[in-house]
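Following: one structure in structure tokens, then a few remarks.
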Amino acid sequence: MSDKPIIVALDYDNKAEALQLIDKLDPNMCRLKVGKEMFTLFGPDLVNEIHNRGFDLFLDLKFHDIPNTVAKAVTAAAELGVWMTNVHASGGLAMMEAAQKALAPYGDKAPLLIAVTVLTSMSDDDLKLLGINVPAAEHVKRLASLTQQAGLHGIVCSAQEASMLKETFGKEFKLVTPGIRPAGADKGDQHRVMTPKEALLAGSDYLVIGRPITKAADPLAALKAIHDSLK
Ligand SMILES: O=C(O)c1cc(=O)[nH]c(=O)n1[C@@H]1O[C@H](COP(=O)(O)O)[C@@H](O)[C@H]1O
């Protein structure tokens with residue numbers, strides 16, 4: 001587990017509202033994630049504004065394209081100075097190797113590069129519709145193995161798979177787990193969920209948490225409650 005495991009997923013269509021929350025947060029308590037919605041709306045300016053406030057940023061754009069294109073995209077993320085970025089493991093071994101290789105010139109300034117395995121919104125039945133006739137956990141394991149072979153830092157997966165994955169791939173291989181729901185919270189579109197405390201106990205290194213914080217009546221109080229529940 002990281003000493004600062006919470007990553008708040010900022011999925012807002014309003015920059016002022018997002019900055020209002022960020023200004024109440026402490027960079028010693030959490031990291032932040034900007035994804036497709038906010039990056040499409042507000043671009044690198046938002047990344048710079050978050051960096052200026054002292055936060056580590058996970059740029060979650062889930063690149064999935066031909067190796068050359070993805071290598072260029074992760075290079076652009078490295079130029080922004082982000083702490084972590086990601087690709088889809090389903091893009092394949094060559095794509096992931098090209099992405100990792102593109103980061104080599106950045107040395108210890110390179111972002112952590114992780115690969116999304118099976119989205120936490122997907123169930124075994126959703127995989128069947130894609131022609132993948134194995135349980136999600138098995139497909140996650142297959143994609144995690146490819147990711148480790150490509151030399152990436154770790155994967156995005158569900159905390160439900162964390163203990164099996166830590167056992168198989170070792171403690172240095174980072175597990176970033178969305179689909180985190182405090183007990184009784186609305187699951188929304190997530191399927192493979194776990195509570196924050198259970199996720200850490202199962203072996204998650206980082207907990208990605210969005211709506212349980214950002215949609216709470218008092219987001220700061222929600223974050224503090226989750227933070228305290230981990231002690
Ligand atoms: O890569 C991700 O961050 C991600 C992968 C995944 O499998 N599932 C998943 O929910 N996410 C992201 O994690 C966040 C979860 O948000 P909430 O469901 O609101 O807590 C969203 O920003 C998703 O884009």
Side-chain angles (χ1 to χ4, degrees), residues 2 5-13 17-18 21-22 30-42 46-47 50 56-64 70 73-74 77 82-91 96 99 111-124 126-127 130 132 136-137 139-141 143-144 147 152-162 165 174-199 204-217 219 222-223 225-227 229:
S2 148
I6 300 176
I7 301 176
V8 179
L10 297 169
D11 295 319
Y12 286 95
D13 59 9
E17 209 182 312
L21 171 66
I22 296 169
C30 63
R31 296 178 163 92
L32 301 177
K33 178 176 90 73
V34 162
K36 290 186 167 89
E37 181 184 15
M38 288 205 89
F39 195 74
T40 303
L41 285 168
F42 309 116
L46 175 68
V47 171
I50 289 174
D56 286 340
L57 185 67
F58 170 14
L59 186 64
D60 165 31
L61 297 178
K62 298 187 184 68
F63 300 123
H64 187 169
V70 170
V74 299
V82 299
W83 161 73
M84 176 182 275
T85 194
N86 58 358
V87 299
H88 265 290
S90 314
M96 290 193 279
L112 296 174
L113 185 62
I114 55 166
V116 179
T117 53
V118 175
L119 291 166
T120 52
S121 55
M122 298 192 76
S123 63
D124 292 357
D126 294 319
L127 287 181
L130 296 177
I132 299 167
H139 197 52
V140 168
K141 195 169 169 182
L143 292 171
T147 305
L152 274 61
H153 294 93
I155 52 169
V156 183
C157 59
S158 160
Q160 291 184 2
E161 292 113 35
L165 293 166
K174 300 293 177 221
L175 303 181
V176 179
T177 62
I180 299 295
R181 290 291 180 270
D186 184 15
K187 279 192 353 182
D189 54 354
Q190 299 285 10
H191 267 106
R192 301 188 345 273
V193 301
M194 240 192 203
T195 69
K197 180 84 182 180
E198 281 170 351
S204 296
D205 293 284
Y206 298 104
L207 312 174
V208 177
I209 313 175
R211 287 162 289 184
I213 294 172
T214 57
K215 298 284 180 226
L223 170 62
I226 292 171
H227 187 261
S229 78

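In each ligand, atom 1 is the first atom listed, and ligand 1 is the first ligand listed.
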Ion pair present between Asp189 and Arg211, side-chain N to carboxylate O less than 4.0 angstrom?
->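 Yes.
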Quick one: do Lys141 and Glu161 make a salt bridge, cutoff under 4.0 Å?
->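 Glu161 and Lys141: not salt-bridged.
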Enumerated ligand 1 atoms positioned under 4.0 Å from heavy atoms of [X]:
{"X": "Arg181", "result": "17 (P), 18 (O), 19 (O), 20 (O)"}
{"X": "Pro212", "result": "20 (O)"}
{"X": "Ala9", "result": "14 (C), 22 (O)"}
{"X": "Asn86", "result": "1 (O)"}
{"X": "Gly210", "result": "16 (O), 17 (P), 19 (O), 20 (O)"}

Do you know which of Leu165, Leu143, Val156, Leu175 makes side chain to side chain contact (heavy atoms under 4.5 Å, CB included) with Thr117?
->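 Only one option passes, and that is Leu143.
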Judging by distance only, is a nitrogen or oxygen of Thr120 under 3.5 angstrom from one on ligand 1?
-> yes
Can you report which non-hydrogen protein atom sits closest to [atom], along with the distance?
{"atom": "atom 15 (C) of ligand 1", "answer": "Gln190 NE2, 3.7 Å"}
{"atom": "atom 23 (C) of ligand 1", "answer": "Lys33 NZ, 4.0 Å"}
{"atom": "atom 21 (C) of ligand 1", "answer": "Asp11 OD2, 3.5 Å"}

Looking at OG1 of Thr177 and CD of Glu198, how far apart are the two atoms once the value is rounded to the nearest 0.5 Å?
-> 11.5 Å
Asp60 and salt bridge (Lys or Arg N to Asp or Glu O under 4.0 Å): which partner among Lys33, Arg31, Lys36?
->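 The residue from Lys33, Arg31, Lys36 that satisfies salt bridge (Lys or Arg N to Asp or Glu O under 4.0 Å) with Asp60 turns out to be Lys33.
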